[in-house]
Colleague: 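Here you go, one structure.
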Amino acid sequence: LAALAFTLRDLGRLDEALVAARRAVAIREKALGPDHELLARSLDMLGELEGARGHLAIACAAFARSVAIFEKAHGPSFPDLVSPLTGVAECALRDGKIQEAIDMTERAAALGVSSGKDPRAAAGARRVLARALWAKGERERAVVEAHAARDAYAAGAPVDRPQAAEIDAWLESVGAR
């Protein structure tokens with residue numbers, strides 16, 4: 001079900017992906033227990049999909065729980081923390097906790113870049129970092145991070161190209177293209 005949720009997300013079928021992700025979380029938690037790494041992966045996907053649907057409190061809780069499970073199992077330098085850390089950072093940014101968002105996304109981006117494991121997740125961290133830096137007033141550095149994220153998305157799979165265009169639109173909207 002988790003793989004199905006990823007596929008449905010990539011096809012733009014978010015409602016169906018959300019149903020699959022919710023079922024994957026329920027099944028994995030029941031079958032594997034509350035601290036299993038596979039549950040953390042499903043919680044990360046659930047957070048992404050709930051956030052896309054505007055269910056921010058649920059998304060933030062799912063991301064935070066995913067981070068806690070991964071850190072307990074593997075420590076703070078585990079490469080798979082990139083995506084849920086970015087999710088937690090987005091929640092912090094929405095709540096006006098700009099420095100917290102910067103700290104989390106810097107950590108996530110560094111993990112993503114150093115591991116090279118998931119360029120899409122690293123680009124996502126840099127995208128959120130750019131917005132947080134902009135909010136803090138660090139405009140030049142924000143633009144550098146936004147361009148790095150955009151370039152990574154543009155070089156990725158076709159499914160990632162809309163994110164590159166979204167970053168271009170954000171840069172234009174803030175007058176930093």
Colleague: If two hydrophobic side chains count as joined below 4.5 Å and joins carry through other members, does L129 share a cluster with V174?
Modeller: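 No, separate clusters.
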Colleague: Give the ring-plane orientation class for W170 versus W134, where under 30° counts as parallel, over 60° as perpendicular and anything between as tilted.
Modeller: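 Taking W134 first and then W170, their aromatic rings stand perpendicular (interplane angle over 60°).
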Colleague: Can you give me the closest heavy-atom contact between A92 and A101, atom names plus distance?
Modeller: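 Looking at all heavy atoms of both residues, the closest pair is CB-N, 4.0 Å.
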Colleague: Report yes or no: do L111 and F78 belong to one cluster of Ile/Leu/Val/Met/Phe/Trp/Tyr joined by side chain heavy-atom distances under 4.5 Å?
Modeller: yes
Colleague: May I ask you to test the R22-L46 pair for a side-chain heavy-atom distance under 4.5 Å?
Modeller: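 A side-chain contact exists here, since the closest heavy-atom pair is under 4.5 Å.
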Colleague: Which atom pairs, donor and acceptor, lie under 3.5 Å between side-chain atoms of residues 34-42 and protein residues at least two apart or in another chain?
Modeller:
{"unit_1": "D35", "atom_1": "OD2", "unit_2": "K72", "atom_2": "NZ", "d": "3.2"}
{"unit_1": "H36", "atom_1": "ND1", "unit_2": "L38", "atom_2": "N", "d": "3.0"}
{"unit_1": "E37", "atom_1": "OE1", "unit_2": "H74", "atom_2": "NE2", "d": "2.6"}
{"unit_1": "E37", "atom_1": "OE2", "unit_2": "R41", "atom_2": "NH2", "d": "2.3"}
{"unit_1": "R41", "atom_1": "NH1", "unit_2": "D80", "atom_2": "OD2", "d": "2.5"}
{"unit_1": "R41", "atom_1": "NH2", "unit_2": "D80", "atom_2": "OD2", "d": "2.5"}
{"unit_1": "S42", "atom_1": "OG", "unit_2": "R28", "atom_2": "NH1", "d": "2.8"}
{"unit_1": "S42", "atom_1": "OG", "unit_2": "L38", "atom_2": "O", "d": "3.4"}

Colleague: Could you tell me the separation between the CG atom of L14 and the CG atom of L49, rounded to the nearest 0.5 Å?
Modeller: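 Those atoms lie 6.5 Å apart.
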Colleague: Any salt bridge linking R141 with E106? Criterion: basic side-chain nitrogen under 4.0 Å from a carboxylate oxygen.
Modeller: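 Salt bridge present between R141 and E106.
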Colleague: To the nearest 0.5 Å, how far apart are NZ in K136 and CD in E138?
Modeller: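 Output value for this atom pair is 4.5 Å.
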Colleague: Does atom CZ of R23 have more than 12 heavy-atom neighbours from other groups under 6.0 Å away?
Modeller: no
Colleague: In Å and rounded to the nearest 0.5 Å, what is the CD to OG1 distance from E145 to T105?
Modeller: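 Answer rounded to 0.5 Å: 8.0 Å.
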Colleague: Can you tell whether the side chains of E71 and R107 come within less than 4.0 Å, N to carboxylate O?
Modeller: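 Yes, charged N to carboxylate O under 4.0 Å.
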Colleague: Of the non-hydrogen atoms in L81 and P76, which two are nearest, and what is the gap between them?
Modeller: CD1-O, 3.6 Å
Colleague: Could you report the tightest heavy-atom contact between M104 and A89, atom names first, then the distance?
Modeller: CB-CB, 3.7 Å
Colleague: Flag the pair E90 / E48 as yes when at least one side-chain heavy-atom distance between them is below 4.5 Å, and no otherwise.
Modeller: no
Colleague: Taking all atoms of both residues into account, what is the closest heavy-atom pair of L56 and G51, and its distance?
Modeller: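 Closest heavy-atom pair between L56 and G51: CD2-O, 4.1 Å.
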Colleague: Rounded to the nearest 0.5 Å, how far apart are CG of L43 and OG of S66?
Modeller: 6.0 Å
Colleague: Within this structure, what is the NE2-CD1 distance for the pair H147 and I167, rounded to the nearest 0.5 Å?
Modeller: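 The CD1 atom of I167 is 10.0 Å from NE2 of H147, to the nearest 0.5 Å.
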Colleague: Answer yes or no: is there a side-chain heavy-atom contact under 4.5 Å between D15 and R53?
Modeller: yes
Colleague: For L93 versus A135, what's the shortest heavy-atom pair and its separation?
Modeller: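 Minimum heavy-atom contact is CD1-CB, 4.4 Å.
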Colleague: For E100, give me all partners under side chain to side chain donor-acceptor pair (under 3.5 Å), at least two apart in sequence or on another chain.
Modeller: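 For E100, no residue satisfies side chain to side chain donor-acceptor pair (under 3.5 Å) once neighbours in sequence are set aside.
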Colleague: Taking atom CZ of F63 and atom CE of M45, what is their separation to the nearest 0.5 Å?
Modeller: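 One finds 9.5 Å between CZ of F63 and CE of M45.
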Colleague: Please check: side-chain N/O of R126 versus main-chain N/O of R150, any donor-acceptor pairing under 3.5 Å?
Modeller: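 Between the backbone of R150 and the side chain of R126 there is no qualifying donor-acceptor contact (under 3.5 Å).
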Colleague: How close do V82 and T86 get, heavy atom to heavy atom, and via which atoms?
Modeller: O-OG1, 2.8 Å
